[in-house]
Amino acid sequence: MKVFYDGWSLTYQPNSPEAIHLMTLLAAHPLEHSAVIALPGESFHRLPEWVEARFVPTPDSERSRLRWEQQTLPALAAQSEVGWMHAVGSGLPLFGRLPRMVSPAGFSADLGRGPGLGGRRGFIARLRDALSQGGLSRARLWLWPQDLPAEQVGGAVHYLPPAVHPLFVQSDSSEDDFLQDCLELTALDLPEAYILYHGPASEPALRQVLDAWSWAAGSIGENYPLLLVGLNISAQERLAALLAEYQLTGSARPLPPLSLPCLALLYRRCSALFHPVAALPWGDPMRIALACARPIVGLEDERSSALVGPAAYLSSSQLPYTASRRALGAALITVIVEESVAASLSQAARQRSAEWDVEKLRAGLRILYAAPR
């Protein structure tokens, strides 16, 4: 059986939840099934040698991505004679007979959850969303982590063991083992202590982050700056303008795209993950932080609460906006200043993620990929 993947995120959004989840799927891919991945350009991350890469050079624009999803992907899948398309985002072709399964990852694929995650979208973007929703409605299977409540997604739901990429799993390996593959990280002159944000990058989402960070920056920002990862060039420019507007330029900064070993090291070294948005089914930054045994500050909702349990400091999402941002800022200060709180959250995170195993995910995928279509 050949399984078909869309590798757009590996070229243009390498630190996105979609890309991280796709790399996790490849790490868990049962080798008795072949893997074909469509790429619009070179993959930022190193792919396993056994993956068959199919390149169709395509620029990064909304119009080009629409054509990629609705024309290029079906054509490549037909040429490759694949049996399943395993999608990780929302960009599914509307037409074509190829059976598709979806393990939703990424903020754009989050089934409409979470306020303020999107920005203004033009006609092509809205058309792409509409066609993608039609493609999602034709999915045969929706794959869901066993530790999260499933939602009404319009198709059959199949539960799989939760997992993260092996590089994010707590182990006895030292940071020196990671540093050998992280020369780009050492060149960034990172502070010894920092808070990490790895979330949506639209202007409304960044304003939510900075509204909360402004409550904490005066107390901890000098010694614990906020580092933002996963932002493309346009999002970094957007952030620079917002930091100047909020007068927070000295306490927050974006990072360039990082390899998976470097991203894992960035997580391992952070003092806390700041994630004031709803958890994602797959590829979620909070799940990565749990696997790295790091404290988390975020917003409380059903999915996030189910994911983190007692391993995070969650602020109520039912508060008025200003009160919610103030509460998030206070939570960040508490986690940084109260060492016992951070230690307790780290220990709970370690226990929470102890059973996550990519081999268990591999066993589940082996059965699914061999299932009748």
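At least one side-chain heavy atom of Leu188 sits less than 4.5 Å from a side-chain heavy atom of Leu258. The closest side-chain heavy-atom distance from Arg294 to Leu273 is not below 4.5 Å. Side-chain contact check for Ser259 versus Arg46: every heavy-atom pair is 4.5 Å or farther apart. At least one side-chain heavy atom of Leu266 sits less than 4.5 Å from a side-chain heavy atom of Leu255. A heavy-atom distance below 4.5 Å is found between the side chains of Leu307 and Asp147. At least one side-chain heavy atom of Phe4 sits less than 4.5 Å from a side-chain heavy atom of Leu76. Using a 4.5 Å heavy-atom threshold, the side chains of Leu10 and Met23 count as touching. Side-chain contact between Arg253 and Leu190: present, with at least one pair of heavy atoms (C-beta onward) separated by less than 4.5 Å.
Asp284 approaches Ala278 most closely through the heavy-atom pair OD1-O, 4.2 Å. Here the closest non-hydrogen pair linking Leu231 and Pro254 is CD2-CB, 4.4 Å. Tyr159 and Pro145 make their closest contact through CD2-O, 3.6 Å (heavy atoms, listed as atom of the first residue, atom of the second, distance).
If you take CZ on Phe168 and CG on Leu290, they are separated by 13.0 Å, rounding to the nearest 0.5 Å.
Within 6.0 Å of CZ in Phe95 there are 12 or fewer heavy atoms belonging to other residues, nucleotides or ligands. Within 6.0 Å of the CD atom in Gln347, the count of heavy atoms belonging to other residues, nucleotides or ligands exceeds 12. Atom CD of Glu339 has 12 or fewer neighbouring heavy atoms from other residues, nucleotides or ligands inside a 6.0 Å radius. In Glu245, the CD atom is crowded: over 12 heavy atoms of neighbouring residues, nucleotides or ligands sit closer than 6.0 Å.
Between the side chains of Ser16 and Glu18, a donor-acceptor pair is found at a separation under 3.5 Å.
Although no hydrogens or angles enter the test, the distance criterion places no donor-acceptor pair under 3.5 Å between the side chain of Arg287 and the main chain of Trp282. No donor-acceptor pair closer than 3.5 Å links the side chain of Arg54 to the backbone N or O of Val36. Judged by distance alone, the side chain of Ser271 and the main-chain N or O of Ile195 form no donor-acceptor pair under 3.5 Å. Not one N or O on the side chain of His275 forms a donor-acceptor pair closer than 3.5 Å with the backbone of Gly199. No donor-acceptor pair closer than 3.5 Å links the side chain of Arg366 to the backbone N or O of Glu32. With hydrogens and angles ignored, the 3.5 Å screen pairs no side-chain donor or acceptor of Ser305 with any backbone N or O of Glu302. Checked by atom type and distance alone, the side chain of Trp144 pairs as donor or acceptor with a backbone atom of Pro149 at under 3.5 Å. Of the possible polar contacts, none joining the Ser64 side chain to the Asp60 backbone as a donor-acceptor pair under 3.5 Å is found. Looking only at distances, no side-chain donor or acceptor of Ser317 sits under 3.5 Å from a matching main-chain atom of Leu299. Between the side chain of Ser80 and the main chain of Val82, no donor-acceptor pair closer than 3.5 Å is present.
Classified by interplanar angle (parallel below 30°, tilted 30° to 60°, perpendicular above 60°), the ring pair Trp8/Tyr12 is tilted.
Between Leu365 and the options His33, His86, Met101, a side-chain contact (heavy atoms from CB on, under 4.5 Å) holds for only His86.
A salt bridge does not link Glu81 with Lys2: every distance from a Lys NZ or Arg NE/NH1/NH2 to an Asp or Glu carboxylate oxygen is 4.0 Å or more. Electrostatic pairing of Arg362 and Glu359 counts as a salt bridge here, judged by a charged N lying under 4.0 Å from a carboxylate O.
Aromatic pair Trp50/His29: ring centres closer than 6.0 Å.
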